[in-house]
Q: 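I have a structure here, written as C-alpha cells, and I will follow up with some questions on it.
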Amino acid sequence: MAAHQKAVTWLVLAIALNTGIAAVPDPQAARSPGHPVRIISLVPAVTEMLFAIGAGGRLVAVSSYDAFPPEVKRLPSVGALIDPNVERILSLKPDLVIVYGSQVDLKEQLARARIAVFDYRHAGLADVTTTIRSLGERTGDAAKARELADRIEQGLRDVRARVQGRARPRTLVVFGRERLALRGLYASGGIGFLDDMLDVAGGANVFADVKVQAVQASTEQILATRPDVILEIRAANSAFPSGDRASELSVWKVLGAVPAVRNNRVLFIFDDRLVIPGPRVVEGTIEMARALHPAAFAAKDAAGVERRK
C-alpha cells in the first residue's frame, strides 16, 4: 500500500472504529504493584504522549504507523489497529500494552496472558489532556503529565483568543479521498477532535449538525453546504508526489459553484500534528488557524522571518 493510502486508511479506520471516552486504564492494571517498565503502544498518539511525559524509554515496541518522535524508528513494529502481531507482542513480555478500544480480540488474548492494557479511544480535543493525565498516573509520571496537559490547555486557549472576534468561515475539513478524484471523500462531522480543533481555530464546520466524527460526503452534499474554505489535511507521509499538487487541486473545479472553489480557498495541509490527537495538538491547531485567518498571524509570521534574516 502506498504511503498516502496507508496514512489515510489509518486515520479513517481509527476515527470510524474508536469513539467515546478517551482512555480507560484496565482495572486489573490498577491493582498490579509498581509501574510498568516494558510498554508496547499500538496507538501513535499515545506513543507521542509517553515520550512527552518522560516514559518513552520504557517502550519496547510500537505500531507500524508510528513515526514520531524519531526514536520510535529504532523500536520493533508489532502491527497496528487492524493487524496486531499477537505472537510478537507476547514474545516481548510487556507489562502494559496500549490498545484501541475496538481491539476486542487482542484485549481478550492479552487478558488470558495476564498482560494489562490501557484502553484508548478517539474522542474530543479535551480528551487529549484527559488521556495524558490518566496515562501519567498509570506510568508513574503524573506530575509531568499534569504539567504537559496544563500547557496544552493554555496553548489552546491562546489560539482561541488570537482568532476571537473574527468572522468564522464555513469550513469543510477533508481528511481522506481517492487520488485525483472526489470519490471516497471523508470529512469531519460535528463531533470529535477535528471538529474541536476547527472550533478553536476559528472555523465553523459545515457538517456541525451531523453528530458523527467522520462523514462520507458526496459532491451533492458539498454543493449544498457551500463551504467558504475547504481544508484538506493529511499525514506528512501522504503528501502528493512532486508535480501532483495542481492536478489534485483541479479536481475541485467541478464544484465551481462552491464559494471555497470559486475564491481559491481550497487549502492543503500535510502535517501529522493535525491528524494525530497527541501532545502536539496545539501546534496543529495553530496551523489550522493560520490557514483560516492568515491576517491574525501575519505580524507574528513577519517577525519570525525578520529574525531569521
Side-chain angles (χ1 to χ4, degrees), residues 18 20-63 65-81 84 86 88-101 103 106-156 193 273 276-283:
N18 294 280
I21 57 176
V24 182
D26 178 42
Q28 180 180 344
R31 295 194 297 269
S32 63
H35 298 293
V37 295
R38 294 182 62 80
I39 304 172
I40 291 176
S41 174
L42 295 176
V43 183
V46 180
T47 300
E48 291 194 22
M49 293 175 190
L50 287 166
F51 276 96
I53 65 175
R58 281 170 267 166
L59 278 165
V60 295
V62 294
S63 82
Y65 288 98
D66 276 282
F68 187 88
E71 291 90 332
V72 300
K73 296 175 183 177
R74 298 196 293 266
L75 294 169
S77 170
V78 290
L81 173 61
V86 179
R88 180 67 169 140
I89 290 170
L90 296 177
S91 73
L92 291 168
K93 301 186 184 305
D95 48 15
L96 181 67
V97 180
I98 315 295
V99 300
Y100 287 96
Q103 292 180 299
L106 174 60
K107 288 189 285 186
E108 290 176 352
Q109 293 178 76
L110 293 172
R112 287 196 293 270
R114 302 185 63 81
I115 296 172
V117 301
F118 188 86
D119 198 347
Y120 173 85
R121 296 173 188 264
H122 276 287
L125 189 56
D127 294 299
V128 172
T129 50
T130 298
T131 300
I132 288 171
R133 291 186 177 101
S134 181
L135 185 66
E137 292 287 345
R138 183 68 189 90
T139 64
D141 302 282
K144 290 181 179 178
R146 286 193 298 269
E147 179 183 347
L148 173 62
D150 290 347
R151 190 163 63 247
I152 290 171
E153 289 166 353
Q154 182 57 56
L156 293 171
F193 80 97
R273 297 172 297 182
I276 297 177
R280 298 183 290 163
V281 290
V282 173
E283 299 163 49

Q: Is K144 atom NZ crowded by more than 12 heavy atoms from other residues, nucleotides or ligands, each under 6.0 Å away?
A: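 Open: at most 12 neighbouring heavy atoms sit under 6.0 Å from NZ of K144.
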Q: When you check the gap from the basic side-chain N to the acidic O, do E153 and R146 get nearer than 4.0 Å?
A: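 So E153 does not pair with R146 through a salt bridge.
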Q: If I compare all heavy atoms of D119 with all of G101, which pair ends up nearest, and what's the gap?
A: OD1-CA, 2.8 Å
Q: If you measure from CD1 on I98 to CZ on R138, what distance do you get to the nearest 0.5 Å?
A: 8.5 Å
Q: What is the minimum heavy-atom distance between P44 and Y100, and which atoms define it?
A: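 Shortest heavy-atom separation between P44 and Y100 comes out as CD-OH, 3.5 Å.
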Q: Is the backbone of V72 close enough, under 3.5 Å, to the side chain of D66 for a donor and an acceptor to pair up by distance?
A: no
Q: Looking only at atom types and distance, does a side-chain atom of D127 sit under 3.5 Å from a main-chain N or O of G124, one as donor and one as acceptor?
A: yes
Q: Go through it in stages, so that I can follow the logic: the residues are V78 and L42, the test is side-chain contact (heavy atoms from CB on, under 4.5 Å), and I'd like the CA-CA distance, side-chain angles, deciding distance and then a yes or no.
A: CA-CA 8 Å; V78 290; L42 295 176; 3.6 Å; yes
Q: Is R280 positioned over the aromatic face of F68, cation under 6.0 angstrom from the ring centre and no more than 45 degrees off axis?
A: yes
Q: Which atom pair, heavy atoms only, marks the closest approach of L90 to A113?
A: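 Scanning both residues, the minimum pair turns out to be CD2-CB, 3.8 Å.
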Q: What are the two closest non-hydrogen atoms of I115 and L96, and how far apart are they?
A: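 So the two residues come closest at CG2-N, 4.4 Å.
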Q: Can a donor-acceptor pair be found, under 3.5 Å and without considering hydrogens, that links the side chain of Q109 to the backbone of V86?
A: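 No; judged by distance alone, with no hydrogens or angles, the pair does not exist.
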Q: Atom CZ of F118 and atom CG of L50: how far apart are they, to the nearest 0.5 Å?
A: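 CG of L50 is found 8.5 Å from CZ of F118.
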Q: Is it the case that the side chain of R38 and the backbone of L92 share a donor-acceptor pair, with hydrogens and angles ignored and the cut-off at 3.5 Å?
A: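 At least one qualifying donor-acceptor pair exists.
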Q: Could you grab the distance from atom CD of E283 to atom CD1 of I152, nearest 0.5 Å is fine?
A: 9.5 Å
Q: Sequence neighbours excluded, which residues qualify as side chain to side chain donor-acceptor pair (under 3.5 Å) partners of D141?
A: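 Per chain and number, D141 pairs via side chain to side chain donor-acceptor pair (under 3.5 Å) with R58, T139.
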Q: Is there a donor-acceptor contact under 3.5 Å from the side chain of S134 to the main chain of T131?
A: no
Q: Of the non-hydrogen atoms in P76 and R88, which two are nearest, and what is the gap between them?
A: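 Shortest heavy-atom contact: CB-NH2, 3.6 Å.
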Q: Is any side-chain heavy atom of L81 closer than 4.5 Å to one of Q103?
A: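 A side-chain contact exists here, since the closest heavy-atom pair is under 4.5 Å.
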Q: Enter the distance from I132:CD1 to M49:CE here, rounded to the nearest 0.5 Å.
A: 4.5 Å
Q: Heavy atoms only: give me the nearest I53-L148 pair and the separation to one decimal.
A: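 I53 and L148 have their closest heavy atoms at CG2-CD2, 3.9 Å.
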Q: Determine whether a donor-acceptor pair (N or O, by modelled atom type, separation under 3.5 Å) exists between the side chain of E48 and the backbone of P277.
A: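 Looks like no, no N/O pair under 3.5 Å.
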Q: Just so I know, are the side chains of P94 and I89 near enough to count as touching, which here means a heavy-atom distance under 4.5 Å?
A: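 The answer is yes; the side chains approach within 4.5 Å.
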Q: Before you tell me yes or no, could you show the steps for I40 and L59 under side-chain contact (heavy atoms from CB on, under 4.5 Å), namely the whole-Å CA-CA distance, both residues' side-chain angles and the distance that decides it to 0.1 Å?
A: CA-CA 6 Å; I40 291 176; L59 278 165; 5.8 Å; no
Q: One thing to verify: whether E147 and R151 come together as a salt bridge, which I'm taking to mean a side-chain N less than 4.0 angstrom from a carboxylate O.
A: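 Between E147 and R151 there is a salt bridge, with a charged N closer than 4.0 Å to a carboxylate O.
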Q: Are any non-hydrogen side-chain atoms of V99 and V43 less than 4.5 angstrom apart?
A: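 Counting from C-beta outward, V99 and V43 never come under 4.5 Å.
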Q: Side-chain contact, heavy-atom cut-off 4.5 Å: T129 with R133?
A: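 A side-chain contact exists here, since the closest heavy-atom pair is under 4.5 Å.
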